[in-house]
Amino acid sequence: MPLLVQKFGGTSVGSIERIEAVADKVISYRNAGNDMVVVVSAMGGETNRLVELARQVDPQARGRELDVLLTTGEQVTIALLAMALEKRGYPARSYTGAQARIMTDSSHNKARIKSIDNVKMTDDLKQGRIVVVAGFQGVDEHNNITTLGRGGSDTTGVALAAALKADECQIFTDVDGVYTTDPRVEPEARRLDTITFEEMLELASLGSKVLQIRAVEFAQKYQVPLRVLSSFEASEGTLITTEYGTDKTMEQALISGIAFNRDEAQLTINGVSDTPGVAYQIIGPISDANIEVDMIVQNVGADGTTDFTFTVHRNDFDTALEALEQTAKRMKAREVSGNNRIVKISIVGVGMRSHAGIASRMFEILATEGINILMISTSEIKISVVVDEKYLELGVRALHDGFDLKTKS
Ligand code: ASP
Ligand code: MG
């Protein structure tokens, strides 16, 4: 019998009616001839409520006791779902992360799964039971309860699918799949039938927040076919898989999607001496201040001096600018400037590997709209540009149109 692991997020189990609806949905897949393992999150908003309770006791609350508290959210939903299944005549058994033997390291609040002992779950499945597992939690070797970091139930789903060698891991959420871009910016954005892990990771890290990044990495590592679909609408969702999939249905588009990031800020230092160690002297103090640098561009030197531009998260702009001004004094640089009204727009697609001219097409599209590009960076399957924030919507829509993402290839 095929085995499906299904994960339902907080909104999908946000009320008793919704939990009942999840039970009906799980049963429909069960009746279609699948063995079923179901992972659930806490009811929507519950984990935040628990965090808030902890803060009232200790604003710094974290570590072991916070994990003991937060895992109660999922303990509620597994029990309610198992009851709903049993009431409908379908034998079910719920497990907390510790009971399911989801073994993690001991990093409380952000633990990593090390192994899963699936003996009991496999036995339940053999007995025809539906297995319901609490997302987001595990247990370390000393029997301490751990959590996997916010949004960690996706990872639980994928890890269980890998451990149980499931045929598919299905993540049910409030969106019905992965889109070519954010439909709030481009109403004609289209749901993708399939996308590769690599593309999904690029889109996720660039700010498309459909799935926890770690879950996608995990699925890629263990080659677990991952499907994102809606709890509320009937649709096939989006299948995330390896480049050529299991069949030949993979879309052969050049570009799969457009991501954007409004959280960027740009800093420039002009007229620093073009000698060894300059990049280190500039970026060193930034990373010492714990600020992550995203794009970096150094100009070709002229007259023995060069310019250096990089981007950071907008929240770090003031601190980074201050650090850079200090550096400029020390290095006797000509000038420092900054701009926190920029955005990054990226096109992503594995098709870039085998097709030349994608970058030039991108620049042509932006030029036609009169959009000035401030910075460019590329990787194997991605081209990013930094532009003034006022061009975000225009740029995304023009690229979506120009690369024909509205129509299915
Ligand atoms: N309930 C946890 C959270 O809100 C885990 C999850 O939903 O994935 O972060
Ligand atoms: Mg979630």
Side-chain angles (χ1 to χ4, degrees), residues 5-16 18-19 21-22 25-26 37-55 61-82 94-100 102 104-105 107-113 116 131-140 144-163 169-175 178 200 204-205 208-219 224 226-232 237 240:
V5 173
Q6 297 189 326
K7 180 259 170 177
F8 292 87
T11 331
S12 312
V13 293
S15 66
I16 295 300
R18 288 193 170 171
I19 290 173
V22 167
K25 193 179 272 284
V26 169
V37 172
V38 188
V39 174
V40 286
S41 291
M43 294 170 97
E46 177 64 8
T47 310
N48 287 341
R49 188 184 72 87
L50 294 168
V51 168
E52 186 43 42
L53 285 179
R55 294 228 168 102
R62 54 191 176 81
R64 185 182 188 283
E65 301 315 323
L66 186 63
D67 280 348
V68 172
L69 178 68
L70 295 192
T71 49
T72 61
E74 274 75 9
Q75 190 164 343
V76 170
T77 46
I78 54 169
L80 292 172
L81 178 59
S94 70
Y95 292 93
T96 64
Q99 288 175 317
I102 298 177
T104 72
D105 62 20
S107 327
H108 284 290
N109 314 153
K110 51 174 191 319
R112 294 200 164 249
I113 297 176
I116 298 177
V131 174
V132 182
V133 182
F136 170 62
Q137 52 182 266
V139 64
D140 76 0
N144 295 302
I145 290 175
T146 54
T147 63
L148 309 178
R150 297 304 304 271
S153 298
D154 290 352
T155 301
T156 304
V158 173
L160 278 172
C169 178
Q170 304 184 330
I171 309 274
F172 288 85
T173 175
D174 41 10
V175 296
V178 181
M200 187 62 215
S205 64
S208 311
K209 299 173 192 74
V210 184
L211 281 175
Q212 204 200 22
I213 291 180
R214 216 209 292 180
V216 182
E217 287 169 346
F218 216 99
V224 177
L226 189 59
R227 189 182 294 276
V228 183
L229 59 184
S230 164
S231 306
F232 310 112
I240 309 161

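Just so you know, ligand 1 is whichever comes first in the structure, and atom 1 is the first atom listed for that ligand.
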- Query: Is there side-chain contact between Lys7 and Asp154, with at least one heavy-atom pair below 4.5 Å?
  - Reply: yes
- Query: Any idea which atoms of ligand 1 are less than 4.0 Å away from a heavy-atom of Arg150?
  - Reply: 3 (C), 4 (O), 9 (O)
- Item | CA sep, side-chain torsions, deciding dist, call: Cys169, Arg227, side-chain contact (heavy atoms from CB on, under 4.5 Å) | CA-CA 6 Å; Cys169 178; Arg227 189 182 294 276; over 6 Å; no
- Item | Under 4.0 Å to a heavy atom of Ser41 - the qualifying atoms of ligand 1, by number | 6 (C), 7 (O), 8 (O)
- Item | Euclidean distance, Ile240 CD1 relative to Leu211 CG, rounded to 0.5 Å | 5.0 Å
- Query: For atom 8 (O) of ligand 1, which candidate among Ala215, Gly73, Ser153, Ala134 provides the closest heavy atom?
  - Reply: Ser153
- Before signing off on this row, confirm whether Gly151 and ligand 1 have an N or O atom pair separated by under 3.5 Å. yes
- Logged contact type for Glu74 with ligand 1, heavy-atom cut-off 4.0 Å, is side chain
- Query: Would you call Arg49 and Glu46 a salt bridge, using N to O less than 4.0 angstrom?
  - Reply: yes
- Query: Roughly how far, to the nearest 0.5 Å, is CZ of Arg18 from CE of Met43?
  - Reply: 10.0 Å
- Gly152 touching ligand 1 at heavy-atom level, < 4.0 angstrom: yes
